[in-house]
Amino acid sequence: MAGRSYTTAWLLWAFFGWMGAHRFYVGHPATGLAYLLTVGMCCVGWLCDAFSLVALVDDANARDVLQPLLETDSDGRRLTYSRPPPVVFASPPGMRGGRDDLDDGSGGGGGGGGGGGGDGGGGGGG
């Protein structure tokens, strides 16, 4: 795109700004739609844009220049994005994770039975 014109932006702001036409022109469709549905946010947003319109056009023109640079590598090839691999959290060495930790010392199963046998043997030896 050749860039957005300040003159066009000012004309859109002056005649159709209350409908958000200048916002659509500079690449802000969400606020353009908000202006369209709220009559330029009751004309307050429309009047505030008189002070920020030059910056809006400058930002739109900068996006037009920078966007192709951000989407290509140093050789000019278009970058493709893929989903990063899933992160797997592992327990530290020597530690068990999950529900196995609930079995230790509960009195049921192998862990609790072994502890009871040890106590009984220790008492008989004394």
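For this chain, numbers begin at 1 and follow the sequence in order.
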First locate atom [atom1] of [X], then atom [atom2] of [Y], and finally report the distance between them rounded to the nearest 0.5 Å.
{"X": "Thr38", "Y": "Trp18", "atom1": "OG1", "atom2": "CH2", "result": "11.0 Å"}
{"X": "Leu33", "Y": "Leu37", "atom1": "CG", "atom2": "CG", "result": "4.5 Å"}
{"X": "Asn61", "Y": "Ser5", "atom1": "CG", "atom2": "OG", "result": "9.0 Å"}

Residue pairs passing the salt bridge (Lys or Arg N to Asp or Glu O under 4.0 Å) test with at least one member in residues 8-17, sequence neighbours excluded, are none
- Spell out, as yes or no, whether a donor-acceptor pair under 3.5 Å connects the side chain of Arg4 to the backbone of Ala9.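 Not confirmed, Arg4 side chain does not pair with Ala9 backbone.
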By side-chain contact (heavy atoms from CB on, under 4.5 Å), Trp46 pairs with (sequence neighbours left out) Trp13, His22, Cys43
Would you mind writing out the side-chain donor-acceptor pairs for residues 51-60 within the sub-3.5 Å range, not counting sequence neighbours?
unit_1 : atom_1 : unit_2 : atom_2 : d
Ser52  : OG     : Asp49  : OD1    : 3.4
Asp58  : OD1    : Tyr6   : OH     : 2.1

*asked:* Counting only heavy atoms not in Phe24 (residues, nucleotides, ligands), do more than 12 fall under 6.0 Å from its CZ?
replied: yes
Of all heavy-atom pairs between Met41 and Tyr35, which one has the smallest distance, and what is that distance?
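Of all heavy-atom pairs spanning Met41 and Tyr35, the closest is CE-CE1, 3.9 Å.
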